[in-house]
Amino acid sequence: EARLAVRDGGNMMIRVKIGEDQLDVKEVAAVGKDFFAMFPYYRFAAGGPELFDDRTQVAVSESFARQHGLQLGQDLVINEQDYRIGGILEDLQGTLFKNAAVWINENDPRLNNGALSDPYDHFGSAYPFIQFTPGTDPEVIYAKVEQVCKQIYSDVYGQAFFEKLVMTRI
């Protein structure tokens with residue numbers, strides 16, 4: 001009926017060590033490889049979305065790579081953990097999301113402290129995207145998702161804080 005992809009909205013900051021230089025980077029996206037299947041206009045200049053099969057790899061934007069002299073396969077230290085650049089994403093302007101300098105694996109608890117390990121179990125900056133299979137009735141999917149929300153958020157669903165599920169077509 002549908003395919004799911006999640007992207008963190010980027011409300012996190014990471015410390016990146018490149019050689020002896022340390023940078024605080026707040027333009028961060030947490031995604032899985034399914035995100036790139038759903039949003040194919042995010043293209044890799046080097047590497048590909050399979051890098052997200054390995055939690056020790058990250059992607060960086062072309063501009064971030066250029067600015068800091070980074071290359072595919074280069075090692076980085078992020079929040080005192082070792083990573084390797086497994087992909088370089090083309091820079092995009094005017095898309096649904098703001099550009100990110102560093103793209104991390106949504107399931108890496110070393111970077112997101114587990115916040116995205118169950119992205120439906122907290123309020124925050126994680127955005128789930130659902131792509132319908134052709135012929136699927138959106139109202140059927142909405143009803144199923146609403147049932148899940150009522151179960152997970154039973155103490156707040158239907159109240160002012162989380163009055164109802166909002167589904168927007170993009």
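From a predicted model like this one, the values you see are computed outputs, not experimental measurements. The basis for the numbers below is simple: all heavy atoms, side chains too, and nothing from hydrogens, waters or symmetry mates.
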Check: Got a second to check how far R15's CZ is from N79's CG, nearest 0.5 Å?
Finding: 8.5 Å
Item checked: Side-chain (D75) to main-chain (R84) donor-acceptor, under 3.5 angstrom -> no
Note to self: Does I88 form a side-chain contact (heavy atoms from CB on, under 4.5 Å) with F64? I'd like the steps, not just the answer.
What the structure shows: CA-CA 9 Å; I88 298 175; F64 189 78; over 6 Å; no
Margin query: Tell me whether Q22 at atom CD has more than 12 heavy atoms from other residues, nucleotides or ligands lying less than 6.0 Å away.
Written below: yes
Check: Once you round to the nearest 0.5 Å, how far does CG of L70 lie from CD of E62?
Finding: 12.5 Å
Item checked: From Q74 atom CD to I18 atom CD1, the distance as rounded to the nearest 0.5 Å -> 7.5 Å
Next item on the list: Write down the atom of V60, the atom of A65, and the distance for their closest heavy-atom approach.
Entry: CG2-CB, 3.9 Å
Check: Of the non-hydrogen atoms in D53 and K33, which two are nearest, and what is the gap between them?
Finding: OD1-NZ, 3.1 Å
Next item on the list: Check each of V58, I14, V102, D82 against L76 using the side chain to side chain contact (heavy atoms under 4.5 Å, CB included) test, and report the only one that passes.
Entry: V58
Next item on the list: Determine, stepwise, if the pair F52 / F35 fulfils ring-ring contact (aromatic ring centres under 6.0 Å, His included).
Entry: CA-CA 10 Å; F52 291 103; F35 175 83; 9.0 Å; no
Next item on the list: Drop me the distance from Y83's OH to D54's CG, to the nearest 0.5 angstrom.
Entry: 10.0 Å
Checklist line | Least distance between heavy atoms, G87 atom then L72 atom | finding: N-CD1, 3.4 Å
Check: Would you call R66 and D91 a salt bridge, taking side-chain N to carboxylate O under 4.0 Å as the test?
Finding: yes
Item checked: R43 side, atom CZ; L89 side, atom CG - distance, nearest 0.5 Å -> 10.5 Å
Notebook entry, point to check: Can you tell if the side chain of L92 reaches within under 4.5 Å of the side chain of Y42, non-hydrogen atoms only?
Noted result: yes
Note to self: How long is the straight-line distance from NZ of K17 back to CD of Q81, given to the nearest 0.5 Å?
What the structure shows: 13.0 Å
Next item on the list: Run the ring-centre check on W103 versus F44 and record whether the distance is less than 6.0 Å.
Entry: no
Margin query: For a 4.5 angstrom cut-off between non-hydrogen side-chain atoms, does H68 reach L23?
Written below: yes
Notebook entry, point to check: Do you know which two heavy atoms are closest between A100 and S61, and how far apart they sit?
Noted result: O-CB, 3.4 Å
Notebook entry, point to check: Quick one: are V16 and V77 in side-chain contact, heavy atoms under 4.5 Å?
Noted result: no
